Amino acid sequence: MSRTVPDLADDLPATARRFRSVLAAGTVLLIVGVVIALGIGTDPIAPADVVRALVGQPTRAYHEHIVVGLRLPRALIALTAGGMLALAGALLQSGARNPLAEPSMLGVTGGAVLAVVAVLTVTSRAALPGLLGAGTALAGALAGGGVVYLLGWRRRAGPERLLLDGVLVSAVLSSLTSVLLLLDGALFGTVLRWVVGSLNGRVWSDWALLWPWAALAVPAGLLCARPAAALFAGDDVAAGVGLPVPRARALLFLVATVLTAGAVTAVGAIGSIGLIAPHLARLLVGSHPARVLPLSVLLGATLLLGADLLASASTWLVPAGAVENRAALPTGAVTALIGGPVLLRLLTRGRR
Amino acid sequence: MTTEVTTGRTGGLSTEPSAPGTSPRRAPAARRTWPRVAVLAGVSVAVLLAAGVAGLMVGSPTLGAAQVRDAFGAAADDLVRITVLESRLPRWVLGALAGGALALAGALLQDVLRNPIAAPDLLGVSGGCAVVVAATAILGLDIPRALLPGAATLGGLLIGAAVLAVGLRARSASGLSMILVGLACSTFLTGCVIAIITLGAPSNVGLFYSYLLGSLVNRGWEDVRLVAPWLAVALPGALLLAPRLNALRLGDEVAAGLGVGVAATRRAVFALACVLTAAVVATCGPIGFVALIAPHLVRRVLGSTDARLVLPLCVLVGAAVLVGADVLGRALVAPREIAVGVWTVLVGAPMLLWLLRARDRSAA
């Protein structure tokens, strides 16, 4: 695939050669992270016991129930959703040469959340069954993202301007969500955590909904590496290699939207992963999309897993009795705490 | 400082007559401005009063005009009297004060930064105040209630100063960068507030959610008393600074030449804007976009950027906008109500989009 991709001037051979070892190191880190995540909880389990439980030979009988039955689905969902969000961010950033693109700030996430909350209100349910929820989120994501796309993404306005457009549209969408939530007290209690972004209480049935989506969208996103690389090299170059530029950009936007909608359905409005992971990937292996996209998936997965670990760890950081309520932080709060400074750094970084 | 200059965009009408060659006299422009001042002030006061009267009647229970009138003379324990005088009247007063203060803060920041899209909520000042308020309430910090706006001011000053310091060094020294730096800080602050709220009792979550949207629900005279002293100092202070703001608008060198201490004025204006914002946030939450909308409305209608006219009118228009939005939020879904901060975002965010678009066109 990468043979036909035009080589980029700023693409250092050293970073290219580093790609395989970085990918390997990332995978090891991911596996270690999973084992730690499966071990940590109100009943801590040693890493060795976690591995034994995973392969079906638990040291104690209940280990298998805790590790495989309760903690594994949450970890898998964190990994998958993180990977999807990061891939969406990487596609958006490469496709429009916009380093500030981030799915949660493009109206995509806000649209999905609003659509789901609206359908919940109309049907007065506490949760949407499988396909209905997924379809609703996708429709909302497409509508919200579509508005931002039509406002300026298509015309390729400057990165800062696009970010501001997206944030303003997101503000309107989240205000509408607030209207619905405030009018429906019962709904408020059940979906607020999801609206903020949380992985609490995810079970195998949630996973059953997420993996087919990921299995379709993630390969599709990775296959976009070629048009993404051409667009990243510049519109003229892309047109020169025979790429229909507006259509290619729309395709990238569409795939990113589908990826984001899937992740939002599973974990709610978690932001910043799509901003941080691709930037980290570019730091490590240079900016060629053929390398950035796969590495972003890996890093995004690890990041969301880590953020979720931090979020649940907050339960132990606060001493018992210090405050009324020791509910774990929503994961979305942790990613926002990390994402703000990262965005700040990107904004203040001098022009290359 | 920033390279943005508002004069050419929002105040295009006023600069044309005094441009060299077209007209040597300023009198015609001034003569055209005063009727507009009168009309704008009249409309604002009318809206403020009409919405105020409607606000006394709308809600649960809905009262007729005669009932409201009778309430003023009723016995002290009369339910209607309590509803009107202890619940709806202070709400109207607080809404007017908050709207006026926010609009004034926005106008001050826009003038002093020469950035047409500056506002305390967009620069992270409101967020800084809100974190302090949320932390005080949820973590049970022992701050006397009267000092809460002061503590909130510190939070707002801290975040606002950080945003300014970073924003001025940002990639492109345009008005946009400053807002985005504010946005990055807001993202972080939102994380902080959510983190703080999760530590509180589950029953409080709904209350703080509506606080964070910006709301006037269940505010009483004690809230008015809390805000009033801060505003009593900051409002006249800001209005007195208007001539200096006019000088600053001409550029730092010209202002210095006119005998205005540029750095000192800038610091004073920024601090005043923070105090005004903090007083509002401490009682009503970080209500968004009023500070952005009202000054733009005023400058557009007046066709002038003269701070001596813009600032007092902003107070009136901001008050009318916020009280109007609040009454609308109560009337549309009566007997329920929707937090006023929701409406201001629904109107304000598209308006900012439109302003940005207009800026693009004038730049092209």
Side-chain angles (χ1 to χ4, degrees), chain A residues 100 104-105 151-152 155 157-161 163-165 167-176 178-179 181-183 185 188-189 192-193 196-197 271-272 311 314 318 322-330 332-351, chain B residues 117 138-140 162-163 166-167 169-172 174 176-177 179-181 183-206 209-210 212-213 215 288-289 329 333 336-339 341-346 348-353 356-357 360:
Chain A
L100 300 177
S104 73
M105 293 179 180
L151 271 177
R155 289 186 293 107
E160 304 187 326
R161 187 47 211 290
L163 179 60
L164 201 52
D165 274 359
V167 168
L168 290 174
V169 171
S170 302
V172 170
L173 292 171
S174 87
S175 269
L176 290 172
S178 300
V179 171
L181 286 182
L182 288 177
L183 287 180
F188 182 82
L192 184 64
R193 282 190 84 86
V196 177
S272 305
S314 67
V318 178
V323 286
E324 284 180 74
N325 175 28
R326 286 204 309 154
L329 271 182
V334 175
T335 59
L337 286 175
I338 304 170
V342 171
L343 181 58
L344 204 57
R345 176 87 189 84
L346 292 175
L347 285 169
T348 52
R349 192 177 58 172
R351 282 186 193 282
Chain B
I117 49 176
I138 300 251
L139 304 180
V163 168
V166 176
R169 290 192 297 114
R171 291 215 294 183
S172 55
S174 76
L176 227 52
S177 294
I179 304 307
L180 289 170
V181 171
L183 167 75
C185 285
S186 299
T187 310
F188 179 75
L189 293 173
T190 310
C192 288
V193 172
I194 298 174
I196 293 170
I197 287 180
T198 10
L199 296 173
S203 54
N204 280 340
V205 171
Y209 190 74
S210 71
L212 283 178
L213 293 172
S215 161
F289 288 101
V333 291
R336 315 285 303 272
E337 55 180 280
I338 290 174
V342 173
W343 293 124
T344 57
V345 173
L346 287 182
M351 179 161 164
L352 180 50
L353 274 175
L356 289 169
R357 224 127 274 262
D360 288 352

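Since we're looking at a predicted model, the values are computed, not measured. Convention: sequence-line order gives letters A, B, ...; per-chain numbering from 1.
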Is there a side-chain contact between A:L163 and B:L183 in this structure, where contact means two heavy atoms from C-beta onward sitting under 4.5 Å apart? yes
Any non-hydrogen side-chain atom of A:L182 less than 4.5 Å from a side-chain atom of B:L213? yes
So, using side chain to side chain contact (heavy atoms under 4.5 Å, CB included) as the criterion, who are the partners of B:L353 when residues are at least two apart? A:L151, A:D165, A:L168, A:V169
Does any heavy atom of chain A fall under 4.5 Å from the side chain of B:I338, the backbone, both, or neither of them? side chain
Residue among [options] with most heavy-atom pairs under 4.5 Å to chain B:
options: A:L164, A:L181, A:L183; answer: A:L183
options: A:G271, A:P341, A:G332, A:G339; answer: A:P341
options: A:L337, A:L343, A:L344; answer: A:L337

Report which part of A:V196 has an atom under 4.5 Å of a heavy atom belonging to chain B: side chain, backbone, both, or neither. side chain
Minimum heavy-atom separation for A:A336 and B:G191, please, with both atom names. CB-CA, 3.9 Å
How would you list, by chain and number, every residue that makes a side-chain hydrogen bond (donor to acceptor under 3.5 Å, both in side chains) with A:S104, sequence neighbours excluded? A:E102
